[in-house]
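Accompanying notes for the structure given below.
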2 protein chains.
Amino acid sequence: MKKPVRLSLTKQIANEIEIKIESKSWPIGTKIPTESQLAKQFEVSRNTIREALQSLIQVGVLEARPGDGTYVLASGKFEANMYHQLSLAKAEEVIEARCFLEKNLAYLAAQNRTANDLAIIKNAWQVRLENQADLERLVETDGAFHLEIARAAHNSVLFELYQAMTSYIYQVLLSKLTDEGYHNAELSNKLHEELIQAIIDQDSHLSESLAAKIITL
Amino acid sequence: MKKPVRLSLTKQIANEIEIKIESKSWPIGTKIPTESQLAKQFEVSRNTIREALQSLIQVGVLEARPGDGTYVLASGKFEANMYHQLSLAKAEEVIEARCFLEKNLAYLAAQNRTANDLAIIKNAWQVRLENQADLERLVETDGAFHLEIARAAHNSVLFELYQAMTSYIYQVLLSKLTDEGYHNAELSNKLHEELIQAIIDQDSHLSESLAAKIITL
DNA sequence: ATCCATTTGTGCGTATGTATC
DNA sequence: CGATACATACGCACAAATGGA
């Protein structure tokens with residue numbers, strides 16, 4: 001079971017590019033250098049570059065637009081894969097699945113949160129409070145807040161699932177709020193603060209039910 | 001935004017191969033034809049075949065062994081991806097995530113099951129009862145039983161996740177039972193039958209808690 | 001134990017098509 | 001229209017690993 005120390009040029013390059021993407025050196029939406037430029041840069045043929053890019057395009061991390069350039073689509077393989085899978089399902093099923101995840105993560109967060117998690121969560125909540133004016137910023141910071149709760153659950157599997165799912169759902173959420181408006185601000189804020197308190201108190205069941213209420217607002 | 005009239009040879013071939021795999025024409029473990037043979041068969045260059053294979057290797061559906069051949073690893077992209085993701089996580093986290101899924105699917109199954117679902121579930125239970133003697137068969141038929149409950153939940157997102165996760169967990173389960181033995185047969189059977197009844201009665205909460213108990217046996 | 005045919009891995013060069021600006 | 005840039009596809013050559021004679 002010895003593993004090869006040598007990596008093919010293609011894989012080396014694919015890895016380096018993936019690192020640039022995951023580390024946000026090339027954020028989502030970035031137009032990356034042309035194949036020829038990359039070929040010069042890495043001192044290989046354009047063909048080799050193509051194979052590397054192809055492998056990332058195949059899994060949905062990159063998107064090539066003929067006559068234009070190559071763009072970053074997602075920040076990781078798992079996220080890209082979930083995107084594809086979720087797009088095949090009905091929207092209501094995705095939302096249902098996400099509701100269950102959110103509830104369970106709140107439960108686990110109350111159980112497993114550390115003092116450090118609490119500080120991060122409180123901070124994320126402050127940020128969210130300061131950005132209630134702009135809808136787009138609100139959705140963004142609210143997402144960040146809930147993501148921190150998910151992280152405090154300390155379960156990497158559920159966390160990855162949640163992360164992939166929410167980034168997919170964001171667009172739906174934003175357009176929904178834009179249409180319907182955001183009128184439950186006080187109730188929402190109250191529930192959020194109760195949720196934080198429940199997590200502080202490590203009251204798992206209360207956290208779970210509060211999370212459920214927040215979602216169905 | 002009109003694009004998709006013509007599919008590239010590479011993608012056509014990748015699709016055809018994927019179909020052979022998903023349809024079990026080439027089951028897991030199969031050694032598929034050599035690149036040269038496929039090239040002749042599809043009347044394209046070996047390079048084109050390689051690109052198609054490469055795309056499936058990349059997502060973990062195929063595995064190439066230099067000097068030997070190319071083998072089927074998983075029966076679908078999503079399954080392959082979950083495999084990879086789960087292998088990075090701690091075992092306890094995987095189990096925790098699976099518990100969460102099992103509970104929620106039982107809840108939803110009680111809510112959404114149709115008469116037809118019930119018939120299938122009852123049948124799967126009978127099959128499981130008839131195969132208690134052989135441990136390997138027991139794990140297999142028990143898995144099939146729970147899979148039918150998952151299906152009855154009528155949520156494709158959670159169902160796909162569950163399916164991918166259980167196929168990963170099977171090996172662990174089997175080895176655990178082989179080591180520890182299977183001594184809780186009566187209790188297990190009793191709980192399973194109560195679960196079926198709860199689903200018949202559409203008692204979501206009871207189903208959920210019974211599912212939780214069954215897992216922690 | 002050695003050799004050898006087979007099979008995949010790697011890399012390059014080239015040609016042509018097509019989309020965008 | 002033309003320049004640019006990606007898309008597709010083929011052919012070739014050699015390297016490296018494997019399995020079997």
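Just so it is clear: chains get the letters A, B, ... in the order the sequence lines come, proteins before strands, and each one is counted from 1. In this text, all values refer to a predicted model and were calculated from it rather than measured experimentally.
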**Q.** For the student: nearest non-hydrogen atoms of A:S45 and A:A39, plus distance
**A.** C-CB, 4.0 Å
Q: Would you please confirm or rule out a distance under 4.0 Å between OP1 or OP2 of C:dC12 and any side-chain N or O of A:R46?
A: no
Q.
Mind checking if B:R65 touches a base, just sugar-phosphate, or nothing, with heavy atoms under 4.0 Å?
A. sugar-phosphate
Q. Within the side chain of A:D117, is there an N or O that forms a donor-acceptor pair under 3.5 Å with the backbone of A:T114?
A. yes
Q | Which residue lies more 5' along DNA chain C, comparing B:I32 with B:N47 via nearest heavy atoms | A | B:I32
Q) Looking only at side-chain N and O atoms, does A:T70 come under 4.0 Å of OP1 or OP2 in D:dA5? A) no
Q.
Using a 4.0 Å heavy-atom cut-off, does B:D68 contact any base of the nucleic acid, only the sugar-phosphate backbone, or nothing at all?
A. sugar-phosphate
**Q.** Value in whole Å for how far the P atom of C:dT7 lies from CD of B:E63
**A.** 17 Å
Q. Is it true that A:K20 and A:E16 make a salt bridge, defined as a side-chain N closer than 4.0 Å to a carboxylate O?
A. no
(Q) If I compare all heavy atoms of B:L73 with all of B:I28, which pair ends up nearest, and what's the gap? (A) O-CG2, 3.5 Å
(Q) How many whole angstroms separate atom CZ of A:F42 from atom P of C:dT10? (A) 17 Å
Q: Could you state the atom-to-atom distance from CZ of B:R50 to P of D:dG11 in whole Å?
A: 16 Å
Q.
Tell me the interatomic distance from B:L9, atom CG, to D:dC10, atom C1', rounded to whole angstroms.
A. 11 Å
Q. Rounding to a whole Å, what distance do you find between A:Q37:CD and D:dT4:P?
A. 13 Å
(Q) Given A:Q132, which partner from the list A:D142, A:N189, A:T141 fulfils the side chain to side chain contact (heavy atoms under 4.5 Å, CB included) test? (A) A:N189
Q: Starting from C1' on C:dT8, measure out to CG on B:L56 and report it in whole angstrom.
A: 16 Å
Q. Expressed in angstrom and rounded to an integer, what is the separation of A:E51 atom CD from D:dC10 atom C1'?
A. 14 Å
Q | Given C:dT8, C:dC12, D:dA7, the nucleotide with the shortest approach to the side chain of A:E35 | A | D:dA7
**Q.** C:dT10 phosphate, OP1 or OP2, under 4.0 Å from A:T48 side-chain N/O
**A.** no
Q: Round to the nearest Å and state the distance from A:Q54 atom CD to D:dC6 atom C1'.
A: 10 Å
**Q.** Side chain of B:P66 - closest among D:dC10, D:dC6, C:dG9
**A.** C:dG9
